[in-house]
Amino acid sequence: MNNASTVRRFALVDVDSCFVACERVFHPELAGVPLVVLSNNDGCVVARSREAKNMGVPMGIAWFKLREWAGRHGLVARSSNYELYGSMSSRLMTVLSEFSATTEVYSLDEAFLQLRGTPSELVATAREIRRRIAHDLGLPVSVGIAPSRTLAKTFCHGAKDHPRLAGVGSYDQYSPEAIDAILDKIPARDVWGIGRRIAGRLDGLGITTALQLRDSDPRHMRTRFSVATERAIRELRGTDCVTIADRDAARTGQVMFSRSFSTPVTTRDQMHQVIGIYAQQAATRLRQQGSTTAGFWAFASTSAFVEPFHQVSISGHFEAPTADPVSIVKQITAALLPRMTPGLKHVRAGVSLLDLAPAGAQEMLELFAPDPRLTVIGGLVDKVNKNCGRGAVGIGHAGLAQPPDWQMKRDILSERATTHWAELASVSAR
DNA sequence: TCTGGGGTCCTAGGACCC
DNA sequence: TCTGGGGTCCTAGGACCC
């Protein structure tokens, strides 16, 4: 409540209904219209406008269950357009980086900024952030300000739910009693880091609100649950103890490419093509971030909604760390194809590259060094696809001219208005 | 008929070694 | 042949997030 002294705070900036908001930037006629954005394959609802929420459209509902009803009630849908959202996201992050030297990109539409100032100065900064993002990008954002990231999330949600706050929620503007009252109204399952499973077990202990969770014994809860639950509790008390992985510095971990098909795949030939293309996509991401991979994991499966569910998965190591798409594709298809059962209706497959490391991190034994002619091919494929469109060139079975019939369905896709010349938005003055 | 696609972190348990 | 404890490393799987 002391508005005079300088404090260090986290500010969470979060785009309101991000995918919906991005669609509306280039289609202003959709403002005020109940709108949803669908997952890949037009499978289910992944984003809803305020109007759609008010109509009672649930998150995650399958589109085929909703389509007819939507037509009758004026609910509009769009296929997800990740190219557009990705481009809007990088513009957003560029603007945010002007407000703090320490910004952590948490997802496409969220970032944590570390700020310093008096509580009222920080609120003024948050208002300026909202104004800038609205002016420069046309996107609405909410901001939560608090001593820990978890509380910043909580107060950001509060800012979205209470129009009176005009998009900014600040922990420091409330007395301790008021904070207790706020946390008492928030279900424990809505606390960042508490998922469905843990929430169910907390319920069994009589812990149902964020307030009860905050006031439970962190050490005891650690032994009962895990260090993640302990951290959630300490964060609710205002102690900063969650860290966000630095994706740029780490460059480790894994890349994955997986998709559902629009029509089932039943033959080895088709699966060969699928896995070839997916492995190539994963290899492209690998090179884009300048990494090599030492191992892989791949799977193909039937629908999880139809009994009996069947999945085959394989994993393995490469002889030496590599970024070469030829050997990646070869080895993964050679491992997976013999294990698949022709005739089964496969609806989904994926390829994951593991044990990533920065390219050139270690000298390879000459014995295992790849043929230098091979290392050139990957870059070449990337270049041609960049200039001539994705899929212009491919390796082996992935290099087919005809679009395969299992490929993704996106029937109601908006323009890629920020990344493709042919799809730019046009503006006319009257 | 038709139900997303990425990721990260933590823990338990087995293999292996001294 | 049996008996022990303690450490590390790896992997699989669970839980969570957007």
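All chains are named by letter (A, B, ...) in the order of the sequence lines, taking the proteins before the strands, and each is independently numbered beginning at 1. Keep in mind that this is a model prediction, so the values were computed, not measured.
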- Pick base, sugar-phosphate or nothing for A:Ile198, based on heavy-atom distances below 4.0 Å to the nucleic acid. sugar-phosphate
- Looking at every strand, decide which applies to A:Lys345 at a 4.0 Å heavy-atom threshold: base, sugar-phosphate, or nothing. nothing
- Re C:dA15: Watson-Crick or G-U wobble partner, both distances kept under 3.5 Å, found to be B:dT8
- Task: Look at all strands and tell whether A:Trp192 reaches a base, only sugar-phosphate, or nothing, counting heavy atoms closer than 4.0 Å.
- Result: sugar-phosphate
- Answer with base, sugar-phosphate or nothing: what part of the nucleic acid does A:Leu108 contact at a heavy-atom distance below 4.0 Å? nothing
- Using a 4.0 Å heavy-atom cut-off across all strands, classify A:Arg189 as base, sugar-phosphate, or nothing. nothing
- Closest nucleotide of DNA chain B for A:Val46 versus for A:Ala228: which of these residues is on the 5' side? A:Val46
- Name the nucleic acid region contacted by A:Asp42, choosing base, sugar-phosphate or nothing; use a 4.0 angstrom heavy-atom cut-off, strictly under. nothing
- For A:Thr150 and A:Glu235, does a side-chain donor sit closer than 3.5 Å to a side-chain acceptor? yes
- Note on the structure: Ranking A:Arg231 and A:Val255 by the position along DNA chain B of their nearest nucleotide, the one closer to 5' is A:Val255
- Message: What's A:Arg222 touching, base or sugar-phosphate or nothing? Going by heavy atoms closer than 4.0 Å.
- Response: nothing
- Does the ring of A:Phe257 carry A:Arg259 above it, NZ/CZ under 6.0 angstrom from centre and within 45° of its axis? yes
- Just checking A:Val191: base, sugar-phosphate only, or nothing, at a heavy-atom cut-off of under 4.0 Å? sugar-phosphate
- Item | A:Lys160/A:Asp14 salt bridge by N-O under 4.0 Å criterion | yes
- Item | Gap in Å between the two C1' atoms, one belonging to C:dG4 and one to B:dC16, rounded | 16 Å
- Of all heavy-atom pairs between A:Ala304 and A:Phe309, which one has the smallest distance, and what is that distance? CA-CD1, 3.5 Å
- Task: Walking along DNA chain C from 5' to 3', note the first and the last nucleotide with an atom under 4.0 Å from a heavy atom of chain A, and give both.
- Result: C:dT11 to C:dC18
- A:Arg237/A:Glu230 ion pair, N-O < 4.0 Å: no
- Message: Students often mix this up, so state it plainly: with edges at 30° and 60°, are the rings of A:Phe299 and A:Trp297 parallel, tilted or perpendicular?
- Response: tilted
- In short, A:Val15 meets A:Leu92 closest at the heavy-atom pair CG2-CD2, 3.8 Å
